[in-house]
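Here is the structure we will look at.
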Number of protein chains: 2
Amino acid sequence: MEDEVDRLVAAWRRERPDLDVEPLEVLSRVSRLARHLDRARRLAFSEHGLEPWEFDVLTALRRAGTPYQLSPGQLLTQTLVTSGTMTNRIDRLAKKGLVERLPDPSDRRGVLVRLTDEGRDRADQALAGLLDQERAILAELSRTQRGELAGLLRQLTAPFDNIPG
Amino acid sequence: MEDEVDRLVAAWRRERPDLDVEPLEVLSRVSRLARHLDRARRLAFSEHGLEPWEFDVLTALRRAGTPYQLSPGQLLTQTLVTSGTMTNRIDRLAKKGLVERLPDPSDRRGVLVRLTDEGRDRADQALAGLLDQERAILAELSRTQRGELAGLLRQLTAPFDNIPG
DNA sequence: ATCGGCTTTCTTGACATCGAGATACCGGTC
DNA sequence: GACCGGTATCTCGATGTCAAGAAAGCCGAT
């Protein structure tokens, strides 16, 4: 089955036969797939009354385990947004009662963001919904193929995640 | 080498051992890698005085071949943005003199967006720079692995690209 | 001919993001 | 015990995106 990137690559080979556009076969697919996933997620979450960005923050806290709290800085590295954005997100989530801000007892510059009970429930519900949707998307591949794909992607993401990026 | 998604999945298995979080091994990596790529591209393009969104539109027109023109609707399907966004992008590119708007001779509702000579040059320069950067990122993988990865990703993107999404 | 449904593009208002700078605080050094 | 580079968070203005709907024109069926 052909996809939009096949057409894109064919077009470049026709227009710029002097260039090696092989990298696009991988990385353009990554970008486009991510964009499709964003849209699909937005739909899935709207059934639970959450925006994708809300999900990202709430689940980061949920994963941290009891007492479900992290510093804004830790949330930054997990969600790949800037500090200004995170401040704004925490404000809005706090206003909705899904998280609360606490002073960090060991560092007076610092803040801890804690999930409320309602925030935790919402995160759990939305996660279950998301996993169902993602399983459906991945049904295109066999279990073995999914493992291979995960491994190959890990090789590309690891440098970004481990070197200060 | 471990990446952030390995840590994320391990955390979920600890916090929610009742859930099957295997889908995240693939799709969270896709989303996170796309985010890293966005940042890297922004840097690469800034050397050519272009924003990523400008690159997306200009190269779509460049790929179309002489006379380098497409309708806004065709640009939508290639760039995965909404129509309001595309109108805005065309406005700004036209103001910078990189594209121009022409009436579609065969459909009076329609418009054709055409690349100017300067727009074409800028697109060509930025593309070369992008490919260099992407080649460096993909050096983590062998030629064979890149082919496998492209093939697996195609299986996931094809349904989105071919069914009305 | 004309009606109604469908496309295509643009308009509008709300909103989330970024980047740079400001502020407060930490920890080690002299 | 005062300094100083580094760190953590927040503030602010500019900007890009989205969703929904408006306006204009196309086309097939009656």
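A note on names: the letters A, B, ... follow the listed sequences, proteins ahead of strands, and every chain is numbered from 1.
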Check the pair A:Arg154, B:Glu2 against side chain to side chain contact (heavy atoms under 4.5 Å, CB included), reporting the backbone distance first and the verdict last.
-> CA-CA 8 Å; A:Arg154 180 189 291 106; B:Glu2 198 181 39; over 6 Å; no
To the nearest Å, how far apart are A:Arg42 CZ and D:dT17 P?
-> 13 Å
Strand contacts (DNA chain C) in residues 63-71 of chain A, 4.0 angstrom heavy-atom criterion | none
So, is A:Arg39 near the phosphate of D:dA19, with a side-chain N or O under 4.0 Å from OP1 or OP2?
-> no
Residues at least two apart in sequence or cross-chain that pass ring-ring contact (aromatic ring centres under 6.0 Å, His included) with A:Phe55, listed by chain then number, are A:Phe45
Does a side-chain N-to-carboxylate-O contact under 4.0 Å join A:Asp117 and A:Arg120?
-> no
Between the side chain of A:Arg32 and the main-chain N/O of B:Gln78, is any donor-acceptor distance below 3.5 Å?
-> yes
Near DNA chain C, which residues from residues 94-109 of chain A have a heavy atom under 4.0 Å away?
-> A:Asp107, A:Arg108, A:Arg109
Kindly confirm or rule out a cation-pi arrangement of A:Arg92 over A:Trp53, judged by NZ or CZ under 6.0 Å from the six-membered ring centre and within 45° of its axis?
-> yes
What string of B, S and - do you get for nucleotides 11-16 of chain C 5' to 3' if you count protein non-hydrogen atoms under 4.0 Å?
-> B----S
For atom CG of A:Leu43 and atom P of D:dC18, their distance in whole Å | 14 Å
Please lay out, stage by stage, how A:Val113 and A:Val99 fare under the test side chain to side chain contact (heavy atoms under 4.5 Å, CB included).
-> CA-CA 7 Å; A:Val113 181; A:Val99 307; 3.9 Å; yes
For B:Asp18, enumerate each residue passing the salt bridge (charged side-chain N to carboxylate O under 4.0 Å, His left out) test, keeping only those at least two apart in sequence or located in another chain.
-> B:Arg16
In whole angstrom, give the distance that lies between atom CG of B:Asp38 and atom P of D:dT17.
-> 11 Å
Considering only NZ, NE, NH1 and NH2 on the basic side and carboxylate oxygens on the acidic side, decide whether B:Glu54 and B:Lys96 come within less than 4.0 Å.
-> yes
To the nearest angstrom, the CE-P distance between B:Met86 and D:dT17 comes to 9 Å
Residues which pass salt bridge (charged side-chain N to carboxylate O under 4.0 Å, His left out) with A:Arg89, listed by chain and number, not counting sequence neighbours = none
Is it true that B:Glu25 and A:Arg146 have a side-chain N and a carboxylate O under 4.0 angstrom from each other?
-> no
Do B:Arg101 side-chain atoms and B:Leu112 backbone N/O form a donor-acceptor pair below 3.5 Å?
-> no
